[in-house]
Amino acid sequence: MSAKRVCPRCEQDYVQPYRFKTDGACFTLCAECDSLWWPHETIRVPQAHFLDEVVAARLGVEDNPWGDLVWTDVFEPAPELQR
Ligand SMILES: [Zn+2]
């Protein structure tokens, strides 16, 4: 197990590994402020993506990607980040 890392953006929660259900792509997410990092990125504020934008891009929609979806429809916790 790797050491827990506090989110550098909000400093309110730990970042955790998740993966998309569709293709298993892994990422790191702060569930508090929805900041997302890909495995090759350093978990720092300048590199942070926004979860909604990433999901919208993957679903091919313009704005709010969620609609009737909830997080667990789209991705799930990963046991460990795959690099
Ligand atoms: Zn955060």
Worksheet item: Which heavy atom in D73 sits nearest to a heavy atom in D68, and how many Å separate them?
Response: OD2-O, 4.1 Å

Discussion item. Once rounded to the nearest 0.5 Å, what's the spacing between atom CH2 of W71 and atom CG of L29?
Written reply: 4.5 Å

Practice prompt. May I ask whether Y14 and W37 are part of the same hydrophobic cluster, defined by side-chain heavy atoms of I, L, V, M, F, W, Y residues being less than 4.5 angstrom apart, directly or through others?
Written response: no

Worksheet entry | CZ on R19 to CZ on F27, rounded to 0.5 Å | 10.5 Å

Worksheet item: Roughly how far, to the nearest 0.5 Å, is the CD atom of E11 from the CD atom of E32?
Response: 12.0 Å

Worksheet item: Is any side-chain heavy atom of L36 less than 4.5 Å from a side-chain heavy atom of Y18?
Response: no

Worksheet entry | Inter- and intrachain pairs under salt bridge (Lys or Arg N to Asp or Glu O under 4.0 Å), touching residues 53-64, at least two apart | D23-R58

Discussion item. Rounded to the nearest 0.5 Å, what separates atom CD in E41 from atom CD1 in I43?
Written reply: 9.5 Å

Discussion item. Give me the atom names and distance for the closest heavy-atom approach of D13 to C30.
Written reply: CB-SG, 4.1 Å

Worksheet item: If every non-hydrogen atom of C33 is compared with every non-hydrogen atom of C7, which pair is closest and at what distance?
Response: SG-SG, 3.7 Å

Worksheet item: What's the spacing between F75 CZ and K21 NZ if we round to 0.5 Å?
Response: 10.0 Å

Worksheet item: Does the pair L69 and L59 meet the rule for a side chain to side chain contact (heavy atoms under 4.5 Å, CB included), with working shown?
Response: CA-CA 11 Å; L69 294 174; L59 297 180; 3.9 Å; yes

Worksheet item: Can you list the other members of the hydrophobic cluster that holds F50, where links are side-chain heavy atoms under 4.5 angstrom apart?
Response: none

Fill in: Set of residues satisfying salt bridge (charged side-chain N to carboxylate O under 4.0 Å, His left out) with respect to R9, sequence neighbours excluded
none

